[in-house]
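Please read all numbers here as calculations on a predicted model, not as lab measurements. When a ligand or atom number is given, it counts from 1 through the structure's own listing order.
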Amino acid sequence: MPRVAFLGLGAIGTPMARHLARPEYDLVVWNRTTARATAFVAQHGAAQGVRLAATPAEAGRDRDIIVTCLPVSRDVEGLLDGPDGLLATLPSGAVLVDCTSGDPVTSRRIAERLAARGIGFLDAPVSGGVSGAEQGALTIMVGGDETLLERVRPVLECFGKRIVHCGGIGAGDALKAVNNALLAMHIWGTAEGLVALEKAGVRSDVALDVINTSSGRSNASMNLFPERVLTRAFPRTFRLALLDKDVGIAADLAREQQIVSPLLQLTAELFRQAHRELGEDADHVESVQVVERLGGGTIGGKRDAAEST
Ligand code: NDP
């Protein structure tokens with residue numbers, strides 16, 4: 001029976017780990033805030049034999065595969081050292097699969113440190129959001145050795161529908177960062193356009209209806225704006241702080257590759273400011289409210305106010 005550990009039971013880590021809580025896996029979970037891991041074990045432990053680890057070292061003991069899903073790569077690096085760290089117990093031959101949307105430079109450093117102990121590493125960030133994780137339908141973009149990927153593929157298939165080998169270590173991180181930079185551009189650009197249209201007398205629902213059957217459409221215009229902005233629901237599923245981090249990674253990547261990238265650099269700056277303004281808990285789509293404030297208009301807001309009177 002494969003011995004698996006899952007570290008990081010956050011917004012997306014929890015539904016990912018749930019798919020590993022099954023009889024054919026020996027699963028141990030660890031989370032920095034123990035209450036979350038205790039709740040997870042209370043929910044799944046009895047039926048599926050999931051166990052709680054008190055420290056990363058305890059989680060890593062005798063494991064074949066360790067899955068991490070933390071905010072940034074440096075958080076993963078921070079789990080390695082000390083008497084409670086993963087390196088204290090991880091056996092040679094184990095593989096650490098990091099599903100954090102990480103940065104290539106830190107991933108390569110982690111991979112080197114693990115390789116020195118005979119431990120494999122793959123960067124394996126995911127896309128598809130919390131709902132994709134709940135459905136076990138994530139896309140997983142993997143960087144690192146292909147034979148290692150084949151070894152861990154059955155585990156990844158528990159929560160991933162598309163598993164794509166992207167290149168060497170850090171390739172998954174790089175691709176994920178660029179994808180999310182595009183997401184950020186679509187959100188910001190769509191918000192600017194809709195605020196301008198509202199002020200010019202075009203309702204946002206009418207505008208989105210047209211855009212979504214035209215060439216300006218995106219996942220943001222087709223899903224995020226109708227479901228989260230027009231409704232003013234702004235559910236918190238993916239923190240703006242994390243999107244800020246992703247766009248920053250993409251902007252750094254472009255600079256390292258010495259390409260001219262004004263749009264990436266500007267997007268990174270805009271999301272850095274929005275993050276600073278809205279704080280650590282805000283959802284990424286709440287960045288629309290910064291565009292609304294700067295533009296002095298509300299997307300769909302006037303209509304809602306009229307309807308409620
Ligand atoms: P959350 O902020 O919801 O959860 C973060 C998790 O990491 C928590 O379990 C938290 O523990 C733990 N953590 C935070 N800092 C540390 C640290 N220094 N050391 C150890 N553990 C730590 O993040 P998400 O689950 O949303 O995101 C996780 C990763 O997945 C990120 O890289 C994100 O960009 C990516 N991602 C997220 C998506 C989403 O829709 N949410 C979609 C695709 C990718 P604690 O409980 O103690 O706070």
Please determine if [X] and [Y] form a salt bridge, counting it only when a charged side-chain N lies under 4.0 Å from a carboxylate O.
X	Y	answer
R228	D283	yes
R232	E292	yes
D64	R3	yes
E134	R18	no
D26	R63	yes
R109	E112	no

Structural part of [X] in contact with ligand 1, heavy atom criterion under 4.0 angstrom:
X	value
T33	both
R32	both
L7	neither

Considering only the protein, which heavy-atom contact is closest to [atom], and what is its distance?
atom	value
atom 1 (P) of ligand 1	A11 N, 3.9 Å
atom 12 (C) of ligand 1	L70 CD2, 3.9 Å
atom 13 (N) of ligand 1	P71 CD, 3.7 Å
atom 35 (C) of ligand 1	S101 OG, 3.4 Å
atom 8 (C) of ligand 1	R36 NH1, 3.5 Å
atom 4 (O) of ligand 1	G10 CA, 3.3 Å
atom 34 (O) of ligand 1	K245 NZ, 2.9 Å
atom 42 (C) of ligand 1	I12 CD1, 3.4 Å

Legend entry - Closest candidate by heavy atom, reference atom 41 (N) of ligand 1, pool T139, L242, T237: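 Going through T139, L242, T237 one by one, T237 has the nearest heavy atom to atom 41 (N) of ligand 1.
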Inset, instruction - Ignoring hydrogens, just give me the one of I249, N31, D75 whose non-hydrogen atom is nearest atom 18 (N) of ligand 1. - result: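 It is D75 that holds the nearest heavy atom.
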Legend entry - H44: ring pair (Phe, Tyr, Trp, His ring centres under 6.0 Å) partners, not counting sequence neighbours: F40
Legend entry - Within 6.0 Å of CZ in R236, more than 12 heavy atoms from elsewhere: yes
Legend entry - Audit row: I110, R113, side-chain contact (heavy atoms from CB on, under 4.5 Å) steps and yes/no: CA-CA 5 Å; I110 294 172; R113 294 194 58 200; 5.9 Å; no
Legend entry - Polar atom proximity, T100 to ligand 1 (N or O, under 3.5 Å): no
Inset, instruction - May I ask you to check whether L79 has an N/O atom sitting below 3.5 Å from an N/O atom of ligand 1? - result: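 No: no nitrogen or oxygen of L79 is under 3.5 Å from one in ligand 1.
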Inset, instruction - Could you list the atoms of ligand 1 found under 4.0 angstrom from a heavy atom of G8? - result: 9 (O)
Inset, instruction - Using a strict cut-off of 4.0 Å, indicate which atoms of ligand 1 neighbour a heavy atom of V126. - result: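 So the atoms of ligand 1 that pass are 43 (C), 44 (C).
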Legend entry - K176 near ligand 1 by a heavy-atom separation under 4.0 Å: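 Distance cut 4.0 Å: K176 passes for ligand 1.
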Inset, instruction - Using side-chain contact (heavy atoms from CB on, under 4.5 Å) as the criterion, point out the one residue from L52, L9, L79 that pairs with W30. - result: L79
Legend entry - T89: side chain to side chain contact (heavy atoms under 4.5 Å, CB included) partners, not counting sequence neighbours: A57, R61
